[in-house]
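The next block holds one structure in the form of structure tokens; read it before the comments.
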2 protein chains.
Amino acid sequence: MSAYRDSHGKRLIDYWRPSVAVDTAVLTVRDGRLCVAVVEKDGARRLPGTFLHEGELLADAVRRSLDLKAGIRGLAPRQLHVFDAIDRDDRGRVLSIAHMVAVPDAVLADARLEPVSSVKDLKYDHDDILKLAVDRLRAEYREAPDPAGLLPDTFTLLDLRRLHEAVDPDGIPRRDTFRRLMEPKLAATGELERGTVGKPARLFRRR
Amino acid sequence: MSAYRDSHGKRLIDYWRPSVAVDTAVLTVRDGRLCVAVVEKDGARRLPGTFLHEGELLADAVRRSLDLKAGIRGLAPRQLHVFDAIDRDDRGRVLSIAHMVAVPDAVLADARLEPVSSVKDLKYDHDDILKLAVDRLRAEYREAPDPAGLLPDTFTLLDLRRLHEAVDPDGIPRRDTFRRLMEPKLAATGELERGTVGKPARLFRRR
DNA sequence: GGAATAGTGTCTCTGAGACAGTATCAT
DNA sequence: ATGATACTGTCTCAGAGACACTATTCC
């Protein structure tokens, strides 16, 4: 069963082993709505995922699956939870190590996106993974301005506010309170937005 | 490699599979100090753990390992993180799904306990698991009175304060502030502590 | 009464929230 | 000038923290 033996030929790891998959909720904001990348396979909708290969790190497996299935690259996926229900996969015992990552809209040009507010009936326990991912992203956006870097290099406070509103429509303070919370956590560029009506807004950068 | 085949004999899951272990930081407070249960095996100190068996849930594997190695029962372990470094175990590729659980001191009568402030040089990456577990426990104790239920059924506010101080010596407010934060989250029993010097303290219960 | 511990009235400080004002642009 | 949008001065309110005072027991 195991390939590992010590110098006397004694088996060191002689245990049953489960298949291990990584499944990832890839989140973005498009048209003011929080969306998730969904793949269709054998008539069922699910999150992109793959099985862990030999000699591969979990984060690398996640990147491989996303590159393969959606042409996405250069991400920093984060672990959420291990789903281990005995019958979660009808092909046998499969542990799913759920991950999440958030990326700018443009990166997902070719992917199939669905608004998280209306996604349901994903295969396996992928609805649960999505819920964990959204909760985590919202918690992060409550703490800091655009922690996932979804905005371009420079942006106005209105841009930032609209983004945060898309991530979590509730639980966002008023315009002035929002600015007072976020501005100390941003870097001012000293430049102004141009070509807009009204007083031009200052441009900020992440720190 | 795989035992799973469909009705036509086609292999459904034909992947390399890693060994999967669960390792658990069992925390408690003894003599006013936060401690962790440590086991010694082949001359190395480590957290209690085991390999996942066929048809077994992760939480059940955790309970089995603790029952076996320390006689501990009836716990509700929680997942922390999957450690997946390629060379973390010199016997081969082993994923470790780190867990934590906190239990009353008395339950660990037979276990070997070490204060977390001085524990180091545990085998594998168990120092990292312990750090995650302690951070998690401290975060929980900042939010609620004795969330892990380490105190007996009824207790005074001083008992509670001493416990929270043991879990996290820093970041604990003054006596009166502590009470104002905790009292709304407790249930009053209407009874008083007896046989102590000074004004008798009210007894509370968790909710 | 005195020592020891429990409990509280109240002041201050800080920060979130809300409102209404002022500032600066395009047209 | 006018309308539109960005920005801010300031009031209020709530909660954390600190201090000093009162309360109740044992000796």
Side-chain angles (χ1 to χ4, degrees), chain A residues 31-32 138-147 151-207, chain B residues 29 31-32 138-147 150-207:
Chain A
D31 301 331
R138 286 182 174 155
E140 290 174 357
Y141 270 74
R142 256 176 265 126
E143 297 302 312
D146 190 21
L151 289 174
D153 190 44
T154 66
F155 49 86
T156 69
L157 283 165
L158 183 56
D159 295 333
L160 183 66
R161 188 175 156 73
R162 289 213 174 107
L163 173 66
H164 280 247
E165 206 167 359
V167 170
D168 189 2
D170 310 319
I172 190 166
R174 301 211 160 201
R175 199 168 55 99
D176 50 355
T177 301
F178 181 76
R179 189 162 43 76
R180 271 186 260 255
L181 290 177
M182 292 303 176
E183 199 171 323
K185 298 173 180 171
L186 292 172
T189 64
E191 300 186 3
L192 299 178
E193 195 182 34
R194 306 185 53 151
T196 54
V197 67
K199 177 172 175 176
R202 291 172 295 172
L203 287 169
F204 292 88
R205 205 185 298 275
R206 264 183 307 279
R207 286 199 289 200
Chain B
V29 170
D31 301 331
R138 286 182 174 157
E140 289 173 357
Y141 270 74
R142 257 176 265 125
E143 298 302 313
D146 189 21
L150 300 187
L151 289 174
D153 189 44
T154 65
F155 49 86
T156 68
L157 282 165
L158 182 56
D159 295 333
L160 183 66
R161 187 175 156 74
R162 290 213 174 107
L163 172 66
H164 280 247
E165 205 167 1
V167 170
D168 189 2
D170 310 320
I172 190 166
R174 300 212 163 200
R175 195 172 55 100
D176 50 355
T177 301
F178 181 76
R179 189 164 43 77
R180 272 186 259 257
L181 290 177
M182 292 303 176
E183 198 172 323
K185 299 172 181 172
L186 293 172
T189 64
E191 302 187 2
L192 299 178
E193 194 181 28
R194 307 186 54 149
T196 55
V197 66
K199 179 172 174 175
R202 290 173 295 171
L203 287 169
F204 292 88
R205 205 185 298 275
R206 264 183 307 278
R207 287 199 288 199

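Computed from a predicted model, the values in this text were never measured in an experiment. Below, chain A is the first sequence line, B the second, and so on; all start at residue 1. Note that these values count all heavy atoms, side chains included, but never hydrogens, waters or copies made by symmetry.
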* Between A:Arg202 and A:Leu192, does a side chain to side chain contact (heavy atoms under 4.5 Å, CB included) hold up when you go through it step by step? -> CA-CA 4 Å; A:Arg202 291 172 295 172; A:Leu192 299 178; 3.7 Å; yes
Would you mind reading off the distance between [X] atom [atom1] and [N] atom [atom2], rounded to a whole angstrom?
{"X": "A:Leu192", "N": "D:dC7", "atom1": "CG", "atom2": "P", "value": "8 Å"}
{"X": "A:Leu160", "N": "D:dT5", "atom1": "CG", "atom2": "C1'", "value": "17 Å"}
{"X": "A:Leu181", "N": "C:dA18", "atom1": "CG", "atom2": "C1'", "value": "13 Å"}
{"X": "B:Lys199", "N": "C:dA4", "atom1": "NZ", "atom2": "P", "value": "18 Å"}
{"X": "B:Glu193", "N": "D:dC26", "atom1": "CD", "atom2": "C1'", "value": "14 Å"}
{"X": "A:Phe155", "N": "D:dA6", "atom1": "CZ", "atom2": "P", "value": "15 Å"}
{"X": "A:Arg194", "N": "C:dT27", "atom1": "CZ", "atom2": "P", "value": "12 Å"}
{"X": "A:Glu191", "N": "C:dC25", "atom1": "CD", "atom2": "C1'", "value": "17 Å"}

Compare side-chain N and O positions of [X] against OP1 and OP2 of [N] and report whether any pair is under 4.0 Å apart.
{"X": "B:Arg174", "N": "D:dA18", "answer": "yes"}
{"X": "B:Arg180", "N": "D:dG17", "answer": "no"}
{"X": "A:Arg175", "N": "D:dC7", "answer": "no"}

* To do: Calculate, to the nearest 0.5 Å, the distance between atoms NE2 and CG belonging to B:His164 and B:Leu157 respectively.
  =>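 Nearest 0.5 Å value for the NE2-CG distance: 10.0 Å.
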* Asked: To the nearest 0.5 Å, how far apart are CD1 in A:Ile172 and OH in A:Tyr141?
  -> 11.5 Å
* Closest to the A:Thr177 side chain, choosing from D:dA4, D:dT24, C:dA18 -> C:dA18
* **Given DNA chain D, 5'-ward residue of the pair A:Arg202 and B:Thr196, judged by closest heavy atom** =>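 The residue whose closest nucleotide sits nearer the 5' end is A:Arg202.
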* Asked: Which part of the nucleic acid, if any, lies within contact of B:Thr156, taking any heavy atom under 4.0 Å across all strands shown: a base, the sugar-phosphate backbone alone, or nothing?
  -> nothing
* Asked: Can you name the one residue among A:Arg161, A:Lys185, A:Arg207, A:Arg206 that meets salt bridge (charged side-chain N to carboxylate O under 4.0 Å, His left out) with A:Asp146?
  -> A:Arg206
* Apply the side-chain hydrogen bond (donor to acceptor under 3.5 Å, both in side chains) test between A:Arg205 and each candidate in A:Asp153, A:Thr189, A:Thr154; give the one that qualifies. => A:Asp153
* Structure fact -> By nearest-nucleotide position on DNA chain C, the 5'-leaning member of B:Ala201 and A:Pro173 is B:Ala201
* **Base of C:dC19 paired with side chain of A:Asp176 (donor-acceptor, under 3.5 Å)** => yes
